[in-house]
Undergrad: 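The structure follows.
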Amino acid sequence: MFYILFSIFVIEILSFLGLSEHMEHTLDKTKLAQDLKAITGEKYILTTESSKQTYCKGFRFGSGEALAVARPGTLLETWKILKVCVRADLIVIMQAANTGLTGGSTPDGNDYDRPIVLVNTMRISDIQVINEGKQIIGLSGSTLFGLENKLAPYGREPHSVIGSSCIGASIVGGICNNSGGALVKRGPAYTELSLYAQIDGEGNLSLVNELGIELGNTPEEVLTNLQNKKYTDKEIQFPNKLASDNEYKNRVRKVDSSTPARYNADGRRLHGASGCAGKIAVFAVRLDTYAIPKQQKVFYVGTNSSNVLGKIRRDILSEFKNLPTSGEYLHRDCYDATKKYGKDTFVVINKMGSGFIPKLFALKRKADLLAGKLSFLPNKFSDKLMQFLSKLWPNHLPKRMEQYRDRFEHHWIIEMSDEGVDEARAYFKKFFTENEGDFFECTEKESKKAILHRFVAGSAIGRYHAVHQKNVGAMMTMDIAFPRNEKDWFEKLPPEINDLLEVKLYYGHLFCHVLHHNYVVKKGVDAKALKKKLLKTFDERGAEYPAEHNVGHEYFAKPNLKNFYKELDPTNAFNPGIGLTSKRKYWK
């Protein structure tokens, strides 16, 4: 009797500590692998460490262990894999292109209470055009790059056409992370029309069809009919639901508002798949598309005063009849770092097209895997090799941009379209007769290179850190949305913080006050403690973060975002730990 009572006591203690579940979780790994392979075929279930590594390590942040990586080829295969995982009480992490910047689509560490199966959907890449090209259905692995090509014959373009499309980011990933928003008239990626799997509080898996298309009654019917586009125009409904953030163009104009224009935890734009961060398994999303402008022109603006850019921003947003297409900011230090450390990416995209970028990153990952097995090759081998090779290439930036680099600290690449071109031209000519700074109208070649230079700025900090990692401390990347009425938008750090930083690179989307602050701290500095101090300065200014990269495993999910996750996933079976929340079952 004593031993029975003692055993019960131990179990209760372990349960209180959250350990008993992990101890009691028994799993026949061989049978699991067999069950998964019976669904997809042996080739598409990865169980060896070397084959899983590419999928289990984040693009820039985070890594952990997974029991297996499944690569289904159809929506129905994905559903069957989910059923196997739910029966076995496993964690599921859904992943598409794995290009996120905060580690949100990979395991993070090895302190989960259940084994993980990672489901990569990139083989399911179909895009279906509906409503004469005005909307599309993107399946779970479809990419923005693929969507650009699909829509071109219709004279349409997707929500996002710069940035992410160049590195193969997925359509569904953008929706799940409320990402994007660089395009001023369109705002962050958003839809209320989606198809997804969800696990309820009792652990039951169900399929939720909010696509607005009649596809059948059972999950098998719905998924198969959608995959094969087995539906007619009559079965496509047009419910009173949004397929884009159609209010954003008015919201961004409110330059006197004390809140940011857009940020990940904005409750206005948390709905189903939108902002879910992988807390449900999204099979497809339905999105609006946009007419390609008849004419476009890029204006390159330079000044030595951040206040000048602030005045231009307020004038354009509050007084212009036509909103800009985009407005990408770059500080001179970031210009220089990008010229040096983003050169190879720039050249590859410029010469071989953005479609080659996913292949380039796949090659980089393979090179680093190989280097990890060969002790004589350095850490971050691919970065160091590509940096060395980039030195052999001549200067890739236009002459007028280089002249502005020497003259001005702040650079702003503003793209206008249609009637907005003449409006902006007249404004800048008058403005710079009365204010410090200057501008020029880019040729088509200069436009392409200016926008591309700003895009590859995001990779500069990672390359710098890889090359100099022996002599510097940690790398920190901040994704900040400042209030729309913030006038002192350019960061001025107090000496006690500034003196701890080796490198500061600033760039972002200035019209919506979403700025990216990338830092490398000095060797020996406590990066976590410093990050808290930096975030406190943002809190004091009424900023929200993250703005567009989602919380991943870097930021705390604020209460409304955490509650949204819990409503979507009460058992915490999908992507637990996101937003630095609990990794345990039922959110214990």
Side-chain angles (χ1 to χ4, degrees), residues 59-61 101 162-163 166-167 182 300-304 306 309 328-350 357 360-361 364 380 382-398 400-413 449-480 490-493 497-510 514-523 525 527 530 534 549:
F59 177 71
R60 189 161 76 181
F61 176 87
L101 300 180
I162 62 172
C166 292
I167 54 175
Y300 199 99
V301 175
T303 179
N304 289 305
S306 60
L309 295 191
E328 296 299 293
Y329 168 75
L330 202 65
H331 184 265
R332 178 159 54 196
D333 291 345
C334 192
Y335 180 107
D336 291 344
T338 304
K339 178 182 176 182
K340 183 175 182 179
Y341 296 104
K343 187 177 184 180
D344 55 304
T345 306
F346 180 105
V347 171
V348 167
I349 296 173
N350 190 48
I357 288 297
L360 175 66
F361 281 98
K364 281 179 84 282
K380 302 285 185 180
S382 66
D383 282 295
K384 292 174 181 177
L385 175 62
M386 292 177 71
Q387 187 60 33
F388 171 77
L389 294 175
S390 72
K391 295 178 183 179
L392 306 178
W393 197 268
N395 186 5
H396 56 292
L397 297 179
R400 287 200 288 181
M401 282 177 59
E402 291 286 74
Q403 291 171 342
Y404 267 49
R405 181 266 164 218
D406 294 337
R407 291 174 60 191
F408 301 118
E409 179 182 359
H410 303 285
H411 298 239
W412 201 6
I413 305 156
K449 290 194 171 186
I451 292 172
L452 184 52
H453 184 60
R454 158 60 188 90
F455 163 63
V456 299
S459 64
I461 192 74
R463 176 62 58 79
Y464 175 92
H465 191 258
V467 172
H468 299 281
Q469 58 183 333
K470 289 184 179 180
N471 302 313
V472 298
M475 172 179 68
M476 295 191 298
T477 60
M478 305 286 191
D479 172 30
I480 311 299
F490 186 71
E491 185 171 69
K492 299 176 182 66
L493 291 171
I497 293 180
N498 194 65
D499 292 347
L500 301 178
L501 297 171
E502 186 77 31
V503 172
K504 297 177 294 182
L505 301 183
Y506 299 113
Y507 59 94
H509 319 296
L510 194 52
V514 168
L515 294 167
H516 303 300
H517 294 184
N518 290 354
Y519 312 101
V520 174
V521 304
K522 291 182 178 178
K523 198 172 183 67
V525 170
L530 182 57
L534 284 165
H549 294 162

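Both backbone and side-chain heavy atoms feed into the values below; hydrogens, waters and symmetry mates do not.
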Undergrad: Does the side chain of Leu330 reach to within under 4.5 Å of the side chain of His453, using non-hydrogen atoms?
TA: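 Heavy-atom side-chain distance check passes, below 4.5 Å.
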Undergrad: Check step by step if side-chain contact (heavy atoms from CB on, under 4.5 Å) holds for Leu452 and Ile349.
TA: CA-CA 8 Å; Leu452 184 52; Ile349 296 173; 3.7 Å; yes
Undergrad: Find out whether Asp333 and Lys504 are in side-chain contact, i.e. whether some heavy atom of one side chain is under 4.5 Å from a heavy atom of the other.
TA: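 Contact flag for Asp333/Lys504 side chains = no.
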Undergrad: Can you check whether Tyr464 reaches Val472 side chain to side chain, under 4.5 Å on heavy atoms?
TA: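 Yes, their side chains come closer than 4.5 Å.
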Undergrad: I need the minimum non-hydrogen distance between Ser459 and Thr345, along with the two atoms involved.
TA: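 Smallest interatomic distance, heavy atoms only, reads OG-OG1, 4.2 Å.
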Undergrad: Measure the shortest side-chain to side-chain distance between Ile451 and Ile413 over non-hydrogen atoms and say whether it is less than 4.5 angstrom.
TA: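 Side-chain contact under 4.5 Å: yes.
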Undergrad: Tell me whether Lys470 at atom NZ has more than 12 heavy atoms from other residues, nucleotides or ligands lying less than 6.0 Å away.
TA: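 Not buried by this count: 12 neighbours or fewer within 6.0 Å.
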Undergrad: Considering only heavy atoms from C-beta outward, does the side chain of Trp393 approach that of Phe346 to under 4.5 Å?
TA: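 Side chain of Trp393 against side chain of Phe346, heavy atoms only: no contact under 4.5 Å found.
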Undergrad: State, with a plain yes or no, whether a side-chain heavy atom of Gln387 is found less than 4.5 Å away from one of Lys384.
TA: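 A side-chain contact is absent here, since even the closest heavy-atom pair is not under 4.5 Å.
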Undergrad: Out of curiosity, Lys343 NZ to Leu397 CG, how far, rounded to the nearest 0.5 Å?
TA: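 Rounded to the nearest 0.5 Å, the NZ-CG separation comes to 8.5 Å.
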Undergrad: Start with the C-alpha gap between Arg463 and Met386, add the side-chain angles, then the distance that decides, and say whether side-chain contact (heavy atoms from CB on, under 4.5 Å) holds.
TA: CA-CA 9 Å; Arg463 176 62 58 79; Met386 292 177 71; 3.9 Å; yes
Undergrad: Hey, would you say the His331 and His411 ring centroids sit under 6.0 Å apart?
TA: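 Distance test on ring centres: not under 6.0 Å, no.
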Undergrad: Looking at CG of Leu534 and CD1 of Ile497, how far apart are the two atoms once the value is rounded to the nearest 0.5 Å?
TA: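 Between atom CG of Leu534 and atom CD1 of Ile497 there are 5.0 Å.
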Undergrad: Provide the closest heavy-atom pair for Lys492 versus Ser306 in the form atom of the first, atom of the second, distance.
TA: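 In this case the closest contact between Lys492 and Ser306 is NZ-OG, 4.3 Å.
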Undergrad: What is the distance from atom CG of Asn304 to atom CG of Leu309, rounded to the nearest 0.5 Å?
TA: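 Interatomic distance, Asn304 CG to Leu309 CG, rounded to 0.5 Å: 10.0 Å.
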Undergrad: Measure the OH-CE distance between Tyr519 and Met475 for me, rounded to the nearest 0.5 Å.
TA: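 Answer rounded to 0.5 Å: 14.0 Å.
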Undergrad: Is Arg407 close enough and on-axis enough to Tyr404, meaning under 6.0 Å and within 45°, for cation-pi?
TA: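 Yes, cation above the ring, under 6.0 Å and within 45°.
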Undergrad: For side-chain contact (heavy atoms from CB on, under 4.5 Å), just list the numbers for Glu491 and Tyr506, CA-CA rounded to whole Å, side-chain angles, deciding distance to a tenth of an Å, and then say yes or no.
TA: CA-CA 9 Å; Glu491 185 171 69; Tyr506 299 113; 2.5 Å; yes
Undergrad: Can you list everything that forms a side-chain hydrogen bond (donor to acceptor under 3.5 Å, both in side chains) with Ser382? Sequence neighbours excluded, please.
TA: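 Lys364, Asp368.
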Undergrad: Residues in ring-ring contact (aromatic ring centres under 6.0 Å, His included) with His516, at least two apart?
TA: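 Applying ring-ring contact (aromatic ring centres under 6.0 Å, His included) to His516 gives Tyr507, His509, His549.
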Undergrad: How far apart are the C-alpha atoms of Leu501 and Leu493, what are their side-chain angles, what is the distance that settles it, and do they pass the side-chain contact (heavy atoms from CB on, under 4.5 Å) test?
TA: CA-CA 10 Å; Leu501 297 171; Leu493 291 171; 3.6 Å; yes
Undergrad: Does a side-chain heavy-atom distance below 4.5 Å link Val456 with Thr338?
TA: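 When only atoms from C-beta onward are counted, Thr338 and Val456 do touch, with a gap below 4.5 Å.
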Undergrad: Please tell me if the side chains of Glu402 and Lys339 come closer than 4.5 Å, counting only heavy atoms from C-beta onward.
TA: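 When only atoms from C-beta onward are counted, Lys339 and Glu402 do touch, with a gap below 4.5 Å.
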Undergrad: Mind checking side-chain contact (heavy atoms from CB on, under 4.5 Å) for Val348 and listing every partner two or more places apart, or none if nothing turns up?
TA: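 Partners of Val348 by the side-chain contact (heavy atoms from CB on, under 4.5 Å) criterion, ordered by chain and then number, come out as Phe356, Ile357, Leu360.
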Undergrad: Taking atom CG of Leu530 and atom NZ of Lys522, what is their separation to the nearest 0.5 Å?
TA: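 If we round to the nearest 0.5 Å, Leu530:CG and Lys522:NZ are 11.5 Å apart.
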Undergrad: Would you compute the distance between atom NE2 of His517 and atom CZ of Phe490 and round it to the nearest 0.5 angstrom?
TA: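 CZ of Phe490 is found 8.0 Å from NE2 of His517.
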Undergrad: Give a yes or no on whether Lys340 atom NZ has more than 12 heavy-atom contacts from other residues, nucleotides or ligands under 6.0 Å away.
TA: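 Result for NZ/Lys340: open.
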Undergrad: What is the minimum heavy-atom distance between Leu505 and Cys334, and which atoms define it?
TA: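 Scanning both residues, the minimum pair turns out to be CD2-CA, 3.8 Å.
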